[in-house]
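See below for the structure under consideration.
A note on names: the letters A, B, ... follow the listed sequences, proteins ahead of strands, and every chain is numbered from 1. Since the structure is predicted, the reported quantities are computational estimates derived from the model, not experimental observations.
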Amino acid sequence: MFALVDCNNFYASCERVFNPKMEGKPIVVLSNNDGCVIARSNEAKAVGVPMGAPAFEYEEMFAKNKVQVFSSNYALYGDMSDRVMQVLSRFTPEIEIYSIDEAFLDLTTFTLYDIEKYCANIRNTVKQETGIPVSIGIAPTKTLAKLANKYAKKRKKDIGVHLLRTTEQLKEALTNSEIGDVWGIGGQYTKFLKKHNINTAFDFTLANEQWVRKNLNVTGLKTLKELKGTPCYHLEQTPPAKKGICTSRSFGALVKDYGLLEESVATFASRCSEKLRKQHSVASVLQVFVHTNPFREQDAQYFNSKSITLPVPTNVSFELAKAAIMGLKIIYRKGYNFKKAGVIVTGIVPEQSVQLNIFENPKFAKNKSVMQSIDKINRTMGRDKVRLSVMGFDRKWKLRQEKKSPCYTTRWSELLTITV
DNA sequence: TCTGGGGTCCTAGGACCC
DNA sequence: TCTGGGGTCCTAGGACCC
């Protein structure tokens with residue numbers, strides 16, 4: 001049996017933990033640059049704020065309904081996520097952290113327990129120790145656990161735990177779940193399946209397997225089998241190393257100037273190098289891209305990218321920044337209003353495989369220890385305490401974040417003060 | 001003024017090899 | 001009339017996830 005633990009309206013709930021005045025009120029959290037709505041409390045959903053709503057179009061609506069608006073605060077959400085996952089790990093070592101707000105638990109060996117009671121206990125403990133409300137779905141496959149979780153959120157709000165085990169329980173939940181709510185069935189497949197008169201998860205379980213294989217390929221077939229109770233996905237306790245790493249941002253204001261673009265691209269390359277070092281990998285290809293704002297129809301549009309093959313795979317920040325700037329010089333065109341830039345590294349292999357190369361460059365060991373020292377300083381003293389000068393200092397291209405809450409749990413200077 | 005960011009897997013088709 | 005058979009690797013594009 002798998003349990004899927006999913007935090008309710010996670011970002012909105014994080015904002016509420018340290019700001020209890022927000023309890024019971026509609027609140028939304030915006031994407032980077034305060035662009036669109038990416039999280040909503042139940043109250044915000046109830047007054048009709050849609051997911052992805054552009055903030056500037058909804059200003060009046062927010063005011064009218066007294067919706068509290070927050071910029072996203074990833075330092076806070078990341079730390080709260082760690083706390084939730086730590087609590088969950090106490091209940092079983094068989095845990096897969098699936099995303100910032102979700103974890104699968106493998107409860108197969110818990111045969112002597114009342115699983116529903118055990119999960120209710122998990123839910124209460126997480127709430128008690130972190131302040132975050134969660135819902136838990138329990139079922140024989142991951143896809144069914146996802147479905148059970150949705151069901152718990154929709155129909156068993158007060159209990160927050162839903163178990164699917166007997167044929168009757170399964171049939172009832174499948175019949176009452178829309179096909180588009182199934183994990184693995186997105187917008188395109190929903191349209192396609194509805195056209196063929198498959199409207200619920202139960203309808204889908206009656207579909208012909210060859211037909212599903214042909215039209216939704218093997219991933220669709222796996223989804224079908226999982227819904228019918230045959231597990232195709234297992235618990236992944238150690239996440240596999242990433243095959244591609246991307247750092248990109250939209251700018252807070254349009255950028256015309258080459259120098260600012262260069263600062264941003266160097267910064268993105270440096271972030272990619274940090275992420276590579278964190279998973280002990282090196283990359284052999286770096287791609288840099290820039291583009292204008294497609295929403296500004298009055299502006300001339302320009303999209304371009306350049307791939308650079310690195311002479312030796314690397315995770316050294318200045319080597320990646322150098323390559324990124326080289327690429328940027330090739331694709332930069334004067335006179336455009338740039339809105340976004342990014343760096344993607346691919347051709348990722350373990351650091352070990354390069355170190356063992358018999359043609360190893362003596363610079364490699366030296367650079368590696370420089371990077372280790374920089375990482376250590378930045379980890380303890382704060383991000384970018386030591387950085388490449390080409391990354392700049394005043395960050396004119398930085399994000400807009402006008403309504404960011406304090407980093408309650410990760411910055412001494414922003415700790416909550418309680419006045420009695 | 002203003003519209004996010006970061007991933008995965010699968011398939012088809014082209015280039016190339018013997 | 002008629003023109004082999006069996007592979008690999010890479011990339012672009014489309015689907016999905018959070």
Sequence neighbours excluded, the answer for side-chain hydrogen bond (donor to acceptor under 3.5 Å, both in side chains) partners of T314(A) is E319(A)
The side-chain hydrogen bond (donor to acceptor under 3.5 Å, both in side chains) partners of N208(A) (sequence neighbours excluded) come to none
inquiry  = Within the 3.5 Å criterion, strictly below it, is a donor on N73(A) or S405(A) matched to an acceptor on the partner's side chain?
reply    = yes
So, with a heavy-atom separation below 4.0 Å from DNA chain B, the residues of residues 207-230 of chain A are R213(A), N217(A), V218(A), T219(A)
**Asked** Going by distance alone, is a donor N or O of one side chain under 3.5 Å from an acceptor N or O of the other, for N8(A) and S135(A)?
**Response** yes
Under a 4.0 Å heavy-atom criterion, DNA chain C is touched by chain A from dA15(C) to dC18(C)
V386(A) and I374(A), any side-chain heavy atoms less than 4.5 Å apart | yes
Note to self: I'd like to know if K194(A) pairs up with D203(A) as an ion pair, taking the criterion as any Lys NZ or Arg NE/NH1/NH2 lying under 4.0 Å from an Asp or Glu carboxylate oxygen.
What the structure shows: no
Does a donor on one side chain sit under 3.5 Å from an acceptor on the other, for E172(A) and Y151(A)? yes
Roughly how far apart, to the nearest Å, are dT3(B) and dC18(C) at atom P?
25 Å
In I348(A), I245(A), V282(A), the residue satisfying side-chain contact (heavy atoms from CB on, under 4.5 Å) with N315(A) is V282(A)
Inset, instruction - Determine the contact category for I185(A): base if any of its heavy atoms lies under 4.0 Å from a base atom, sugar-phosphate if only primed atoms, P, OP1 or OP2 are that close, otherwise nothing. - result: sugar-phosphate
Applied to residues 141-157 of chain A, the salt bridge (charged side-chain N to carboxylate O under 4.0 Å, His left out) test, sequence neighbours excluded, yields D6(A)-K153(A), E96(A)-K142(A), E102(A)-K146(A), K154(A)-D181(A)
Q.
Does E178(A), at its CD atom, have more than 12 non-hydrogen atoms belonging to other residues, nucleotides or ligands within less than 6.0 Å?
A. no
Enclosure of K275(A) NZ (heavy-atom neighbours >12, cutoff 6.0 Å) = yes
For DNA chain C, the dot-bracket notation using Watson-Crick and G-U wobble pairs below 3.5 Å, [ ] for pseudoknot-type crossings and | for other-strand pairs, is ....||||||||||||||
Exercise. With a non-hydrogen cut-off below 4.0 angstrom, is K339(A) in contact with a base, only sugar-phosphate, or nothing?
Worked result: sugar-phosphate
Under a 4.0 Å heavy-atom cutoff, the residues of residues 243-257 of chain A touching DNA chain B are K243(A), G244(A), I245(A), C246(A), T247(A), S248(A), R249(A), S250(A)
- Message: Tell me if the centroids of the rings in Y74(A) and Y11(A) come within less than 6.0 Å of each other.
- Response: yes
* Less than 6.0 Å separating the ring centroids of F91(A) and Y118(A)? -> yes
Numerically ordered, the residues 291-303 of chain A set in heavy-atom contact under 4.0 Å with DNA chain B is N293(A), F295(A), R296(A)
For R333(A), the side-chain hydrogen bond (donor to acceptor under 3.5 Å, both in side chains) test, sequence neighbours excluded, returns none
Within residues 41-66 of chain A, the residues having a heavy atom closer than 4.0 Å to DNA chain B are P54(A), F56(A)
Taken in chain and number order and not counting sequence neighbours, the residues that satisfy ring-ring contact (aromatic ring centres under 6.0 Å, His included) with Y189(A) are none
So salt bridge (charged side-chain N to carboxylate O under 4.0 Å, His left out) across residues 31-49 of chain A, not counting sequence neighbours, yields R16(A)-E43(A)
Walk me through it: do T267(A) and R271(A) pass the test side-chain hydrogen bond (donor to acceptor under 3.5 Å, both in side chains)?
CA-CA 6 Å; T267(A) 304; R271(A) 292 277 177 271; over 6 Å; no
May I ask you to check whether W183(A) and Y98(A) place their ring centres under 6.0 Å from each other? yes
